[in-house]
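As the structure lists them, so they are numbered: ligands from 1, and atoms in each ligand from 1.
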Amino acid sequence: MPFDRSIKIAPSILSADFANFGAEIRAIEAEGCDWVHIDVMDGHFVPNLTFGPPAVKAFRPHVKTVMDVHLMIAPVDPYIEAYADAGADILTAHVEATPHIHRTLQAIRGAGMKPGVALNPGTPAEAVEHLLDVTDLICVMTVNPGFGGQKFLDMTNKIRRLREMIGDRPIHIEIDGGVDPNTAPFVASAGADVLVAGSAVFRGGSVDTPGVYGDNIRAIRAAAMTIGDAA
Ligand code: DX5
Ligand code: ZN
């Protein structure tokens, strides 16, 4: 998985048909997504419950690109090995989920995955300032985590601050929540390279009409690339 800062679209399967994950993943990849984003929720750190390691392991053979697993769980450490075994490429934990996030990120890397750290909307950029050597991705939440389809919160200043902090380090900035063709230019111009989108990718389509997913992915990508207009 070589590093680059080109725009990557990562559909969140939280907005897919829960009875048909394999076909949904194959459809979004065939339609040109870059990564597949998997939202793990525990009903404790966030007020919603999705899936755990056995489900993620079952998704693995369908994901040919990058399996980007976003943990919204606390605690994190007891489950790291299970997500390594499930085949996660990137494993992201929330900075708010543990007082020992540095140790958690080291453990994720030690288990052979790329460590990501996520920031809730209320958490400042400075929370990750001393984590840059132990992280490969910073996920900026632009909604309060827990549900798809929420309204985008403007975190442009935080993204710019993180981009400055990162400098030349090979660290991705991922944006998660409310990304669509209207909001994508703002986050891309501020310095984000990975755009997670759930409802804006799956809206209007199905595995029987996958071309809609392709249109939606292309619309977000094209909007993100018009960054001059949003700056
Ligand atoms: C929110 C999740 C997101 C969410 C994005 O807790 O982490 O990945 O599914 O969904 P949309 O794009 O619909 O806001
Ligand atoms: Zn997510």
Side-chain angles (χ1 to χ4, degrees), residues 7-18 21 24-25 28 31 33-52 55-56 59 63 65-74 76 79 83 88-97 108 113-123 135-155 159 172-188 192-205 212-213 215-221 223-224:
I7 295 292
K8 290 164 278 294
I9 309 297
S12 163
I13 61 166
L14 189 59
S15 296
D17 175 359
F18 269 44
F21 280 123
E24 291 276 39
I25 290 168
I28 53 177
E31 293 296 330
C33 76
D34 300 282
W35 293 5
V36 175
H37 185 84
I38 297 178
D39 285 308
V40 173
M41 304 186 186
D42 66 353
H44 165 74
F45 179 70
V46 290
N48 194 8
L49 196 56
T50 54
F51 24 69
V56 175
F59 303 155
V63 178
T65 56
V66 172
M67 192 157 83
D68 174 33
V69 178
H70 177 192
L71 298 182
M72 286 159 274
I73 67 172
V76 176
Y79 301 100
Y83 285 100
D89 295 305
I90 300 170
L91 192 68
T92 296
H94 270 259
V95 72
E96 306 85 4
I108 291 171
M113 298 169 285
K114 292 195 176 296
V117 60
L119 298 174
N120 278 337
T123 303
T135 193
D136 291 313
L137 174 146
I138 300 170
C139 175
V140 179
M141 295 303 303
T142 39
V143 297
N144 285 293
F147 303 95
Q150 301 184 81
K151 191 175 176 312
F152 176 82
L153 302 169
D154 184 5
M155 295 285 138
I159 300 165
H172 297 289
I173 298 183
E174 176 176 77
I175 307 302
D176 190 0
V179 173
D180 64 18
N182 294 318
T183 56
F186 294 94
V187 297
D193 63 302
V194 185
L195 308 189
V196 175
S199 39
V201 167
F202 287 94
R203 148 181 329 141
V212 175
Y213 297 161
D215 292 343
N216 290 342
I217 290 168
R218 281 186 290 278
I220 299 167
R221 195 190 302 281

> List every atom of ligand 1 that sits less than 4.0 Å from any heavy atom of H70, numbering the atoms from 1 in the order shown and giving each element.
7 (O)

> For H70 and D68, does a side-chain donor sit closer than 3.5 Å to a side-chain acceptor?
no

> Going by the order shown, which atoms of ligand 1 are within less than 4.0 Å of some heavy atom of G177?
14 (O)

> Report the nearest protein non-hydrogen atom to atom 12 (O) of ligand 1: residue, atom name, distance rounded to 0.1 Å.
G198 N, 2.7 Å

> Please confirm if an N, O or S atom belonging to C139, backbone or side chain, lies less than 2.8 Å from the Zn ion (ligand 2).
no

> For ligand 1, is there an atom lying under 4.0 Å from some heavy atom of F152?
no

> Quick one: nearest non-hydrogen protein atom to atom 14 (O) of ligand 1, plus distance?
G178 N, 2.8 Å

> What atoms of ligand 1 come closer than 4.0 angstrom to any heavy atom of S12?
8 (O), 9 (O)

> Would you say the side-chain atoms of E31 pair up with the backbone N or O of Y213, donor to acceptor, closer than 3.5 Å?
no

> How far is atom 5 (C) of ligand 1 from its nearest protein heavy atom, and which residue and atom is that?
D176 OD1, 3.6 Å

> Calculate, to the nearest 0.5 Å, the distance between atoms CD1 and CG belonging to I9 and N216 respectively.
11.0 Å

> Please confirm whether N144 comes within less than 3.5 Å of ligand 1 when only nitrogen or oxygen atoms on both sides are compared.
no

> Consider only side-chain N and O atoms of N120 and T123, and report whether a donor and an acceptor are under 3.5 Å apart.
no

> Can you find a side-chain donor-acceptor pair between H94 and E96 that sits under 3.5 Å?
yes

> Look at atom CZ of F51 and say whether more than 12 heavy atoms of other residues, nucleotides or ligands are closer to it than 6.0 Å.
yes

> Quick one: which ligand 1 atoms are inside 4.0 Å of a heavy atom on A197?
12 (O)

> Does T183 reach the main-chain N or O of G178 with its side chain, forming a donor-acceptor pair under 3.5 Å?
yes

> Determine, using ring centers only, whether F186 and F152 are less than 6.0 Å apart.
no

> For ligand 1, which atoms, with element, lie under 4.0 Å from some heavy atom of P145?
6 (O)

> Can you check whether G177's main-chain N or O pairs, donor with acceptor, with T142's side chain at less than 3.5 Å?
yes

> Which of the N/O/S atoms in H70 sits closest to the Zn ion (ligand 2)?
ND1

> Say whether, by atom type as modelled, one donor and one acceptor occur between the side chain of D42 and the main chain of A74 under 3.5 angstrom.
yes

> If you have a sec, work out which protein heavy atom is nearest atom 6 (O) of ligand 1 and how many Å separate them, to one decimal?
G146 N, 2.7 Å

> Which atoms of ligand 1 sit under 4.0 Å from any heavy atom of M41?
6 (O)

> Considering only non-hydrogen protein atoms, determine which one is nearest to atom 13 (O) of ligand 1 and report residue, atom name and distance to 0.1 Å.
S199 OG, 2.5 Å

> Under a 4.0 angstrom heavy-atom cut-off, which atoms of ligand 1 come close to M72?
6 (O), 7 (O)

> Is it the case that ligand 1 has an N or O less than 3.5 angstrom from some N or O of Q150?
no

> Identify, for atom 10 (O) of ligand 1, the protein heavy atom at the shortest distance, and state residue, atom and that distance.
G148 CA, 3.6 Å

> Would you say G149 contacts ligand 1, with heavy atoms under 4.0 Å as the rule?
yes

> Which residue and atom name correspond to the protein heavy atom nearest atom 1 (C) of ligand 1, and how close is it?
F147 O, 3.7 Å

> So, does N48 use its side chain to make a donor-acceptor pair with the main chain of G146 at under 3.5 Å?
yes

> Vertex the Zn ion (ligand 2): angle to OD1 of D39 and OD2 of D176, to 10°?
170°

> Need the ligand 1 atom indices (1-based, order shown) with element for anything under 4.0 Å from a heavy-atom of V196.
8 (O)

> When rounded to the nearest 0.5 angstrom, what distance separates CG in L195 from SG in C33?
12.5 Å

> Could you tell me if D39 and T50 have a donor-acceptor pair between their side chains, going purely by distance under 3.5 Å?
no

